[in-house]
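Structure first, commentary second.
Every number for a ligand or one of its atoms is a count from 1 in the order of the listing.
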Amino acid sequence: MDWRIDLQESDKEIKEHFASIGKLPKHIAIIMDGNGRWATERNQNRASGHRQGIETVRKIVKASSQIGIEYLTLYAFSIENWKRPAMEVNILMSLLEHYLKAELDELHANNVRFMTIGKSSSLPKAIQRLLIDSTEKTKTNTGLTLNLALSYSGRWDIVRAVQMLALDVRRGTCSPEDIDENLFSEYLSTKSIPDPDLLIRTSGEMRLSNFLLWEMAYSEIYITDKYWPEFTKVDLYEAILNYLTRERRFGKTSAQVQDNTQQVNISYLQRVINAIKL
Ligand code: IPE
Ligand code: IPE
Ligand code: MG
């Protein structure tokens with residue numbers, strides 16, 4: 001299905017307004033949390049929460065692509081998540097495999113570039129293969145970059161970067177004096193993508209859980225009480241709208257960062273979003 005023609009009038013309106021503002025977050029990162037609680041509250045097993053969570057992934061990837069987000073990083077499985085009961089880990093791995101196999105053609109047809117970050121050597125071999133193939137197949141696509149954080153943790157990535165940097169110093173390809181923030185970033189698995197502008201976390205938890213620790217130094221944080229399986233594209237629009245109201249100062253004063261670009265007509269956008277909700 002071509003996602004460009006599968007847009008409702010209200011989505012088109014949102015898209016055009018977001019585009020005209022020119023301040024859309026380039027990179028959105030999401031901690032997809034609350035699958036288990038969503039299921040438990042409905043007297044279902046945790047697996048059904050994860051299954052429903054995959055449906056949300058489908059919807060949010062599509063909506064992000066449709067409104068012109070350039071990078072979407074989804075925290076799908078942390079290194080710490082390996083400590084969960086084996087049965088739950090197995091279910092998560094098979095859902096991931098199933099999702100990728102089922103979605104790859106549609107992602108590719110919609111110009112999505114797929115990539116992953118994380119300690120992929122810990123993943124089952126079949127999934128490693130699938131990730132390599134999916135990345136390879138979509139590598140020249142120019143639309144949304146969908147980055148899945150799988151068996152990922154921020155500290156793991158930083159330590160890995162330090163190790164590789166130390167190796168280069170030992171080899172003599174760089175010296176300790178050359179090391180600055182830019183050079184260090186080059187050793188992280190996120191080197192090819194900009195830092196997230198907006199972090200969304202579902203299920204009301206107010207923590208980073210070892211996600212993109214270096215990269216989120218100046219990300220705007222948006223937390224919603226909704227569980228991931230019930231998060232919708234309208235919730236995504238609301239998160240973006242909220243982001244548009246933030247003043248990103250990066251340490252400067254408010255007067256220093258005032259710009260003359262078009263002011264965001266928040267109340268208008270809020271009305272459009274409210275109308276979709278009805
Ligand atoms: C997020 O939902 C999915 C993963 C971490 C893999 P959870 O499974 O963490 O759900 P809760 O937080 O227990 O409700
Ligand atoms: C964070 O969620 C990891 C993912 C969403 C993949 P967790 O559910 O693992 O986080 P904690 O344990 O509540 O911090
Ligand atoms: Mg959780």
Side-chain angles (χ1 to χ4, degrees), residues 27-61 64 71-100 102-103 114-124 126-128 130-131 146-160 188-190 193 196 198-216 219-232 235-236 239:
H27 182 181
I28 298 180
I30 307 184
I31 302 178
M32 310 184 288
D33 199 14
N35 293 353
R37 278 164 285 164
W38 180 87
T40 306
E41 283 182 16
R42 283 158 185 77
N43 292 320
Q44 296 173 17
N45 55 24
R46 293 178 58 87
S48 72
H50 294 313
R51 262 193 298 279
Q52 200 55 42
I54 297 266
E55 291 311 312
T56 307
V57 170
R58 284 199 179 95
K59 287 182 210 153
I60 297 305
V61 169
S64 302
Y71 301 88
L72 177 68
T73 297
L74 300 178
Y75 203 7
F77 194 84
S78 70
I79 287 186
E80 289 76 19
N81 289 149
W82 287 113
K83 295 181 208 152
R84 291 191 179 193
M87 200 172 88
E88 178 161 346
V89 170
N90 291 341
I91 286 167
L92 282 165
M93 290 300 141
S94 71
L95 281 174
L96 170 68
E97 192 175 349
H98 190 260
Y99 166 78
L100 270 179
E103 295 303 302
F114 176 81
M115 62 176 277
T116 57
I117 51 173
K119 193 178 178 197
S120 55
S121 60
S122 305
L123 295 164
I127 293 189
Q128 289 185 36
L130 197 54
L131 297 181
L146 170 61
N147 181 26
L148 280 194
L150 280 174
S151 188
Y152 172 88
S153 91
R155 286 187 175 181
W156 165 81
D157 204 22
I158 290 169
V159 169
R160 179 181 147 275
L188 291 169
S189 56
T190 49
I193 60 181
L198 170 62
L199 167 72
I200 299 173
R201 182 165 187 155
T202 55
S203 89
E205 304 294 359
M206 303 214 185
R207 55 177 171 264
L208 297 178
S209 301
N210 218 345
F211 191 35
L212 301 172
L213 298 179
W214 171 276
E215 297 83 346
M216 292 207 292
S219 303
E220 297 296 327
I221 301 176
Y222 179 88
I223 293 173
T224 167
D225 282 336
K226 281 210 175 175
Y227 296 136
W228 179 248
E230 60 195 358
F231 189 79
T232 64
D235 295 316
L236 176 71

- Message: Taking non-hydrogen atoms within less than 4.0 Å of ligand 2, which protein residues qualify?
- Response: Ile31, Met32, Asp33, Tyr75, Ala76, Phe77, Ser78, Asn81, Arg84, Arg201, Arg207, Ser209
- Item | Protein N/O/S atoms closer than 2.8 Å to the Mg ion (ligand 3) | Asp33 OD1
- Message: Given Leu74, which partner from the list Thr56, Ile31, Asn147, Leu146 fulfils the side-chain contact (heavy atoms from CB on, under 4.5 Å) test?
- Response: Leu146
- Query: Between Ser209 and Arg201, do the side chains contain an N or O donor and an N or O acceptor separated by less than 3.5 Å?
  - Reply: yes
- Task: For Arg46, take its heavy atoms, then give the atoms of ligand 1 lying under 4.0 Å from any of them.
- Result: 7 (P), 8 (O), 10 (O), 13 (O)
- Report the relative orientation of the aromatic rings in Trp228 and Phe231; use parallel for angles under 30°, tilted for 30 to 60°, perpendicular for over 60°. parallel
- Message: Give the atom numbers and elements of ligand 1 that come within less than 4.0 Å of a heavy atom of His50.
- Response: 3 (C), 8 (O)
- Message: Suppose we screen for side-chain hydrogen bond (donor to acceptor under 3.5 Å, both in side chains). Which residues come up paired with Asp235, at least two apart in sequence or across chains?
- Response: Lys226, Thr232
- Query: Any luck finding a side-chain donor-acceptor pair between Ser151 and Trp82 under 3.5 Å?
  - Reply: yes
- Provide the closest heavy-atom pair for Leu198 versus Ala239 in the form atom of the first, atom of the second, distance. CD2-O, 4.0 Å
- Message: Out of the candidates Gln52, Arg37, Met32, only one should pair with Tyr227 under the side-chain contact (heavy atoms from CB on, under 4.5 Å) rule; please name it.
- Response: Arg37
- Query: Residues two or more places apart in sequence or in another chain: which of them pass salt bridge (Lys or Arg N to Asp or Glu O under 4.0 Å) with Arg84?
  - Reply: Glu88
- Message: Would you say that more than 12 heavy atoms from the other residues, nucleotides or ligands in this model lie under 6.0 Å from the CZ of Arg58, or not?
- Response: yes
- Message: How long is the straight-line distance from CZ of Arg46 back to CG of Leu92, given to the nearest 0.5 Å?
- Response: 8.5 Å
